[in-house]
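Predicted model only: the values in this text are computed from it and were never measured.
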Amino acid sequence: MGLILFLASSALAADCPNVQDTIAEAWRLFDDAEVAASKALLAEANENLGCQTQLVAADDLLELYRLDGLVSLALDDPKGAVYATLRAVAADHLAAAPPPEYGPDLADLYDIWVARLKESTITLEVKGGGAVYVDGRSTDLDSPLDVVEGEHLVQVVDDMGIVRSLVADLHTDQILYTGTLAESSLRLEAVEQTVDSPPEEPSRGRARPLGLAIAGAATLGLGATGVTLGYLGERRWALDPYRGETFFDCAPGTGCYADARAQAIRRDANQVRAFYGVGYGLSAVGTSLLATWALGLPVHSDGRTVGISARF
């Protein structure tokens, strides 16, 4: 299903802080040793990206993410530093490395995650007449953009100069539909589309089979297990430097070692993604089954037989 963005820009403009101003204030707080206050302001800035009514430059977006990572490290918050790094790598995996003044710890984080994610790219293709910017980089009908999977800031400009913004977590190739220049919406659709299920038949009653509740609870439990395994795998993956080990019978110093090490990193990354994907998928299915059980299944009859139907 596509993701559609409708924004009332004039109303949002007064309530949405400018990214550059927020970064400047966060730096001031950080330099004054008010690190926690700086972190809170940066968290607000990340939340406010979706309401921006001005184009956010690529350099400003990277500075926001880098400063967020630096402040997180200062607060001994490695999880926050990793999340900030992932956003920066997704924004530009070819130019995400922080300048030397940000320190070696943040630089090491960037090196690790760029190495692991640079092969996980997706393609964003524009359909329509609107001008589109992804993480501050322009793209149009004739110029598809390759980006790393993850969180992205998508902005579209119509012929009146109105900017509409959307933060989206993208993990598959996408088509960005902008319609005409004057159209006030942006629609993102994954390239792989599924056919919508037919509408339900009119129901005359509701039934709540116990088996549906059991199946829903079991599926939800399996989903939680998958998410847990994904989280544990991610923790191990983030801490493993992948150095000094033998990968696929290739020892350090041998000619095949570099390729074997890269293959091991991709294998572990894909395993973490698989656990998360299966876990979240099963959790969604389990939640749907339990919700269906709670609401009841439609019961229909033709006067001679009684049937129960459900949609998945």
Do Leu109 and Asp105 make a side-chain contact, defined as non-hydrogen atoms from C-beta onward lying under 4.5 Å apart? no
Distance from Thr22 atom OG1 to Leu64 atom CG, nearest 0.5 Å? 8.5 Å
Looking only at non-hydrogen atoms, find the nearest pair between Glu151 and Val167 and report the distance. CG-CG1, 3.5 Å
Is the shortest heavy-atom distance from the side chain of Leu29 to the side chain of Lys39 under 4.5 Å? no
Whether over 12 other heavy atoms sit under 6.0 Å from Asp169 CG: yes
One pair to check against side-chain contact (heavy atoms from CB on, under 4.5 Å): Arg137 and Val147. What are the steps and the verdict? CA-CA 11 Å; Arg137 291 181 289 164; Val147 299; 3.5 Å; yes
Greater than 12 external heavy atoms within 6.0 Å of Glu34's CD: yes
Sub-3.5 Å donor-acceptor pair from the side chain of Asp173 to the main-chain atoms of Thr123, do we have one? yes
Following the transitive rule for hydrophobic clusters with a side-chain heavy-atom cut-off under 4.5 Å over Ile, Leu, Val, Met, Phe, Trp and Tyr, establish whether Phe30 and Leu41 coincide in one cluster. no
Is the side chain of Asp135 donor-acceptor paired with the backbone N or O of Leu153 at a distance under 3.5 Å, no angle test? yes
Heavy atoms of other groups near Tyr83 OH, more than 12 under 6.0 Å: no
Of the non-hydrogen atoms in Leu70 and Tyr102, which two are nearest, and what is the gap between them? CD1-O, 3.3 Å
Quick check for you: to the nearest 0.5 Å, what is the distance between Ser38 atom OG and Asp31 atom CG? 8.5 Å
Answer whether the closest heavy-atom distance between the side chains of Leu170 and Leu124 falls below 4.5 Å. yes
Do Val157 and Ile162 make a side-chain contact, defined as non-hydrogen atoms from C-beta onward lying under 4.5 Å apart? no
Check: Tyr110 main-chain N/O paired with Thr85 side-chain donor or acceptor under 3.5 Å: no
Is there a side-chain contact between Lys79 and Ser72 (heavy atoms, below 4.5 Å)? no
Looking only at atom types and distance, does a side-chain atom of Arg87 sit under 3.5 Å from a main-chain N or O of Leu62, one as donor and one as acceptor? no
To the nearest 0.5 Å, what is the distance between CD (Gln174) and CG (Leu145)? 12.5 Å
Distance col, row Thr139:OG1 vs Leu176:CG, nearest 0.5 angstrom, shows 7.5 Å
Please report the closest heavy-atom contact between Pro17 and Gln52, naming both atoms and the distance. O-NE2, 3.0 Å
In the structure I gave you, are the side-chain heavy atoms of Glu149 and Ile122 within less than 4.5 Å of one another anywhere? yes
Are Gln155 and Arg164 packed together at the side-chain level, in the sense that at least one heavy-atom pair is separated by less than 4.5 angstrom? no
Can we say Glu25 and Arg28 salt-bridge, meaning some charged N sits less than 4.0 Å from an Asp/Glu carboxylate O? yes
Which distance, rounded to the nearest 0.5 Å, do you find between the CD of Glu44 and the CG of Asn46? 10.5 Å
Looking only at heavy atoms, what is the nearest atom pair of Gly69 and Ala81, with distance? O-CB, 3.9 Å
Working to the nearest 0.5 Å, report the span between CG of Leu61 and CZ of Arg66. 10.0 Å
For residues Leu117 and His93, determine if any side-chain heavy atom of one lies less than 4.5 Å from a side-chain heavy atom of the other. no
